Amino acid sequence: MRRLALPALLVAAIVLLALAAPLLGLTDPVRQDVARRLASPSATNLLGRDEFGRDVLSRLIWGARTSLVVAFASATIACLLGTLLGLCAAWFRGIGGILALGSTDIILCFPPVLLALLVVTLLGPGAFTLILVLSVLFVPGFARVTYGEVLLVRALDYVEAARAMGSSTPRILLRTVLPNVAGPILVQLSLAVAAAIVLESGLSFLGLGVVPPSPSWGLMIRGARTTLEQAPLLLVWPCAALTLTILAMNLLCDALRDVADPRSAAALFSKRS
Amino acid sequence: MITTRRSLIAATTALPFLHRPARAQARPGYLRYGLSAFPPNLLPWDSTGASAGTVKMLIHRSLVAWERTGQLQGELATSWAIDESGAWVFKLRPNALFHNGEKVTSEDVRWTIEQVAGEKSTAYMRAQFQNVVRVETPDATTVRIVTKEKIATVPAWFANYNMFVCWHKSDPKAPIGCGPYRLVRQERGTSVEVAASPNYYKPGLPKLKSILFTAYPDENLRNAALRSGDLDMIEYVPWQSMASVEADPRLALAETQGAAFMDVLFNGTRPPFNDPRVRRAVAHAVQRKDIVQAAFFGRGRTLEGVPIAEGSPYYDDALAHGWNYDPTRSKALLAEAGMASGFSCKMLSTAQFGMHKDTAEIVQQYLAAIGIQAELSLPDWSTRVSLGTRGQYDLAIHGVSADSNDPDGLAVVMDTSLSPSHGRSFGVQAPRTIAALARGRAEFDEARRIEVYKDMQRAALEEVPMVGLAWRSQGFGMDKRVAGFTNLPGALSTSSGGMLEYTSFA
């Protein structure tokens with residue numbers, strides 16, 4: 001459990017900072033002041049101003065909100081859908097199961113960025129489209145993981161016992177099977193959130209994600225690229241934020257796996273001691 | 001020596017500190033030029049952008065071309081004049097040859113005009129040449145062009161880089177030209193190479209043996225390739241890099257002020273922008289100097305009226321500031337139009353080009369200040385073009401260059417009665433502006449033309465077929481040894497590619 005503390009603390013800090021953005025008394029992240037564009041860091045603008053003279057710190061924190069909302073929303077939707085699909089496919093098997101799993105395989109055939117580009121081109125960029133695209137992209141991962149785990153669990157004695165006791169199928173699935181496969185799904189969730197943050201920034205960088213003037217890390221990197229020679233620091237801040245967040249998410253995911261997966265070495269070791 | 005992990009890491013970290021500028025060795029008479037886009041095709045009459053135009057201007061020639069000061073000079077034609085009946089007569093030079101060795105005759109000019117104005121033609125200049133009633137060829141070196149009415153701007157039509165004379169027996173899908181260079185090879189999406197034609201009619205030209213055009217669509221890469229010496233010359237130096245190109249002792253920047261401009265276009269087929277007062281409110285709402293700073297790094301000028309450059313005889317200082325920044329007036333105009341409380345609308349631009357997106361963001365902020373909430377839509381460029389052509393927007397931000405420095409070159413932007421285009425407002429009613437443009441085209445007297453175009457500016461300030469925002473400059477970056485190239489003045493900057501026939505290494 002101690003392994004979980006540091007990464008969880010980091011992620012919690014980032015999420016809290018993003019949630020508290022309106023309470024921090026930051027300057028409006030979209031207010032421009034072109035006369036003071038590319039100003040270096042000062043007491044009023046701790047990280048300086050960007051190419052439109054907007055406060056970088058404020059955009060960084062508000063940008064975290066956008067990135068995290070998109071990432072968590074899409075990962076959660078994908079998790080619910082994918083888990084449901086995998087659960088049903090593995091439990092009922094048969095032709096329905098094959099179809100359900102097969103349809104997610106079609107999504108896996110496409111490179112994720114390419115599929116995202118296609119959908120964004122068709123629907124137009126925006127936070128809503130991003131959530132839609134990303135959740136569709138992550139469904140197969142959840143479905144696959146759940147499917148595999150449920151296949152293992154469904155033949156175990158305690159499931160058989162629940163069935164013998166006359167529990168209804170939904171009850172067995174939700175109360176008996178799901179808690180026993182939750183560990184890997186939780187790990188998959190944290191992986192998906194990290195991947196969603198990267199994809200969101202990537203698409204925003206390409207101009208196909210968040211619509212300006214809303215702040216987003218990807219957009220900030222894109223904007224800073226043109227002024228690289230005049231103000232190189234502008235590129236550092238969003239990149240650092242992105243790296244830190246993804247590192248924290250991946251650490252958390254690593255720790256979660258060790259704690260939640262009963263077969264991992266760390267779990268075995270902690271049980272023995 | 002055994003490479004250990006430690007030595008490898010040390011070597012890698014040391015790399016950025018090794019400062020030995022390595023440059024590719026230049027071959028004499030061989031220029032390496034960085035294009036901003038690979039030419040989709042090199043057809044002589046189709047418009048496929050200014051980069052393709054640069055290559056086309058070298059392979060092909062027309063009756064006339066723009067020379068260094070922005071005046072027309074004879075190319076295949078040695079002289080031209082309008083006769084008493086109002087037809088234009090061009091005298092051709094006798095010594096011009098096509099790349100296949102055939103002589104350039106009046107028959108070729110007639111065939112070219114027929115192809116351009118033809119029924120199935122997709123030529124850029126088709127609308128103009130449909131005014132031609134017939135082309136007469138009294139002898140091999142005389143062409144007489146009869147138009148529906150007298151038109152002053154016919155010679156300038158032939159200077160466009162989508163209007164070249166080709167051999168009359170060539171396949172219309174691959175016409176044969178008579179320019180200073182001929183196409184040697186093409187690598188799709190990457191490069192085009194041209195070599196000097198032995199048949200060219202000007203003695204001693206072209207100066208270079210061959211030119212290799214390589215496409216570098218990413219502006220930062222293009223600029224880096226110039227600075228590292230991989231290229232001898234590039235077009236469209238990004239504005240943020242102009243200062244560093246100027247400061248580099250090895251490089252030179254050829255910059256033309258006011259080569260193109262940014263503007264706001266409207267959808268005039270539905271409220272609220274079908275009301276000229278609302279369009280004028282937009283015109284007075286934007287502080288232009290912010291656009292010059294943020295989108296063009298100061299490499300431009302504010303534009304508060306119809307885009308006629310200072311220094312042109314058609315320029316009028318008072319009219320040029322007819323749409324000055326005055327938010328109080330904007331609010332009053334909105335109130336007059338019954339929209340004092342503001343409204344929401346959709347603003348179209350593109351994320352593909354930074355200057356379009358940056359301009360849109362600044363305009364959005366200033367519109368919000370007078371109560372107009374414009375939601376940005378930033379699709380890729382081709383979607384932007386098709387949405388614009390179909391009128392699926394309320395306002396649009398666009399960047400464009402006039403066809404020439406003559407005010408008639410603005411018709412492409414301001415004549416909203418022409419076919420729908422992404423570069424013009426959609427269905428905006430501006431009858432007085434359009435009528436004045438037509439009068440100017442038919443007027444031959446210089447003093448009267450000036451008056452006509454001042455009337456046009458007055459009408460446009462009230463009818464608002466578009467709103468000018470900012471002039472932007474255009475720069476070519478090159479090695480200091482590259483000599484003989486000139487960036488043509490004003491709107492002709494995109495036609496500067498023709499100057500490569502005089503270019504050489506000093």
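This one's a predicted model, so the numbers in the text were calculated from it and none came from an experiment.
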Pair [X], [Y]: side-chain N/O donor-acceptor within cut-off below 3.5 Å:
X: Ser36(B); Y: Ser51(B); value: yes
X: Gln32(A); Y: Glu361(B); value: no
X: Arg384(B); Y: His356(B); value: no

Hey, are Glu255(B) and Arg299(B) close enough for a salt bridge, meaning a charged N less than 4.0 Å from a carboxylate O?
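Arg299(B) and Glu255(B): salt-bridged.
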Output yes when Asp290(B) and Arg37(A) qualify as a salt bridge under the 4.0 Å nitrogen-oxygen rule, no when they do not.
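Answer for the salt bridge query: no.
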Reported NZ-to-OH distance for the pair Lys346(B) and Tyr393(B), which is rounded to 0.5 angstrom
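Interatomic distance, Lys346(B) NZ to Tyr393(B) OH, rounded to 0.5 Å: 14.0 Å.
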Interatomic distance, Lys357(B) atom NZ to Ile362(B) atom CD1 [nearest 0.5 angstrom]:
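Output value for this atom pair is 9.5 Å.
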For chain A, which of Asp358(B), Thr383(B), Leu378(B) has the most heavy-atom pairs under 4.5 Å?
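Top count of heavy-atom pairs under 4.5 Å with chain A: Asp358(B).
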At a 4.5 Å cut-off on heavy atoms, which part of [X] comes close to chain A: side chain, backbone, both, or neither?
X: Gln364(B); answer: side chain
X: Gln287(B); answer: neither
X: Ile291(B); answer: neither
X: Gln365(B); answer: side chain

Can you list the steps and then say if Arg49(A) with Asp55(A) is a salt bridge (charged side-chain N to carboxylate O under 4.0 Å, His left out)?
CA-CA 5 Å; Arg49(A) 288 171 180 271; Asp55(A) 183 38; over 6 Å; no
Find out whether the Lys NZ or Arg CZ of Arg31(A) is both under 6.0 angstrom from the six-membered ring centre of Phe52(A) and within 45° of the ring's axis.
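No, Arg31(A) does not sit over the ring of Phe52(A).
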Structural part of Val30(A) lying under 4.5 Å from a heavy atom of chain B
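Backbone only.
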Residues of residues 219-238 of chain A under 4.5 Å from chain B (heavy atom pairs)?
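Arg222(A), Arg225(A), Thr226(A), Thr227(A), Glu229(A), Gln230(A), listed by number.
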